[in-house]
Number of protein chains: 2
Amino acid sequence: MLQLTKRTEYGLIALVHMVDQGGEYTSAREIAESYPIPKRLLAEVLKDLARSGLVNSLRGSTGGYALARPPEQITVGDIVSALEGAPTLASCDTADGNASDCEVEPVCPIRSPLQRIRKGIWLQMQRTSLRALVTPSPQAADLPLTARNGPAAS
Amino acid sequence: MLQLTKRTEYGLIALVHMVDQGGEYTSAREIAESYPIPKRLLAEVLKDLARSGLVNSLRGSTGGYALARPPEQITVGDIVSALEGAPTLASCDTADGNASDCEVEPVCPIRSPLQRIRKGIWLQMQRTSLRALVTPSPQAADLPLTARNGPAAS
DNA sequence: TTGAAATAGCACTAAATTGGTGCGAAATAC
DNA sequence: GTATTTCGCACCAATTTAGTGCTATTTCAA
């Protein structure tokens, strides 16, 4: 239903939390205790983030995770891509432009416009940095087409 | 994984097909035979489209479906909304701005930026008309933020 | 040296969503 | 009347996702 997975959601929350911790290494337990997130599952997500190089990890009793790059250089696109793969709107619409396993392909009339939409979504995710997530200032979001209905910065 | 459902995909194909048929009523069978789509499932999708008022239906042996409005006035957003609901990126991010059943809510740090992204996606779908789907001309797509990597219109 | 606390890896179960089907009823043209 | 269509609802099957179990390995610190 065109929704991010819980894994991605948890990953985003964890990364935002890490931003707040500065460069300090933060354990999965600590993050999981700050939000109603199953610790075990969050651990799994963090492992994936480490595998894809978005965070560094340290083992041992004082170990944990920390951002591998400054939050300005990590995008929502990076995170989504690491945790659930790049978005593909239709089965005949892959990120690399191939229509590999699409049976409709030879007669499919909706490919190129859907690709355009997907690219737009993707662009938006790549344009939104982790920094923008943590700083909800209207400026920092770098999304010119924002429809602002009334956050009322309190 | 941030992907449209098959139902939506089939719906899009069917609607594009209807555009080609002009104002003529087209049966589910005819459409299903033009593409490798299970007839039975397509029928279900068309019923939904009819229920939501995007297409008109006629029963009887010469019946079928036809667009209820000109394709310029039907958007991808309308179609997606009819077949799988409006996109919601995270569980704390509903279309109406409420965070109804979100347990993370009081401490959730990612709400407003995700809402912005979702709104951008939504806007893009609302901006893309069925006409644009059927006419893959770069002009007709009305997507100002298109990542134009090949067409090179300028 | 020992133990606690942390990540790493892998497999597994359970729940939810989605894809697809069955079947009968009501309408309509011939 | 019959063939062909949409309509409505329920149902099963396949896939995806959420979440857990368990063990090994690393590291700090007492």
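Below, chain A is the first sequence line, B the second, and so on; all start at residue 1.
Note on A:A43: nothing from the nucleic acid sits closer than 4.0 angstrom, heavy atoms only. Within the 4.0 angstrom heavy-atom criterion, no nucleotide atom of any strand lies near A:L46.
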Nucleotides 15-18 of chain C: which of its N/O atoms have a protein N/O under 3.5 Å away?
unit_1: C:dT18; atom_1: OP1; unit_2: A:M1; atom_2: N; d: 2.8

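In this structure, a donor-acceptor pair under 3.5 Å is absent between the side chains of A:T75 and A:Q126.
Distance CG (A:L83) to C1' (D:dT17): 13 Å, rounded to an integer number of Å. Atom CG in A:N56 sits about 18 Å away from atom P in C:dA6, given to the nearest Å. One can place CG of B:L42 at 12 Å from P of C:dT21, the figure rounded to the nearest angstrom. Rounded to an integer number of Å, the gap from B:Y65 OH to D:dT4 P is 17 Å. In this structure, B:L49 places its CG atom 14 Å from P of D:dG8, rounding to the nearest Å.
Relative to the side chain of A:S61, the nucleotides C:dA8, C:dT28, C:dA5 differ in distance, and C:dA5 lies closest. Closest to the side chain of A:S27, out of D:dT6, D:dT20, C:dA6, is C:dA6. For A:T62, the side-chain atoms get nearest to D:dC28 when compared with the rest of C:dT21, C:dA27, D:dC28. Taking only side-chain atoms of A:L41, from C-beta outward, the nucleotide of D:dA29, D:dG19, D:dC7 with the closest atom is D:dG19. Here C:dG9 is the nucleotide among C:dT28, C:dG9, D:dG8 with the atom lying nearest to any side-chain atom of A:K47.
When all heavy atoms of A:G77 and A:W122 are compared, the closest pair comes out as O-CH2, 3.4 Å. The minimum heavy-atom distance linking A:A66 with A:G23 is given by the pair CB-O, 3.8 Å. Of all the heavy atoms in B:L42 and B:Y10, the pair that sits closest is CD1-O, 4.1 Å. Closest approach of A:I79 and A:L54 over heavy atoms only: CA-CD1, 3.9 Å. Across all non-hydrogen atoms, the minimal contact from A:E84 to A:Q3 is OE1-O, 4.5 Å.
Where A:R59 and A:K39 each meet DNA chain D at their nearest nucleotide, the meeting point lying more 5' is that of A:K39. Nearest-nucleotide mapping onto DNA chain C: of A:R51 and A:G60, the residue sitting toward the 5' end is A:G60.
In this model, the phosphate group of C:dA6 is not approached by any side-chain N or O of A:S57 to a distance below 4.0 Å at OP1 or OP2. For D:dT27, neither phosphate oxygen OP1 nor OP2 lies less than 4.0 angstrom from any side-chain nitrogen or oxygen of A:Y25. Contact check, A:R29 against C:dA5: no side-chain N or O comes under 4.0 Å of OP1 or OP2.
In this structure a side-chain-to-backbone donor-acceptor pair under 3.5 Å is present from A:S52 to A:L49. Judged purely by atom type and a 3.5 angstrom limit, B:T8 has no side-chain atom pairing as donor or acceptor with the backbone of B:L4.
Judged by distance alone with a 3.5 Å cut-off, a donor-acceptor contact links the side chain of B:E44 to the base of D:dC9.
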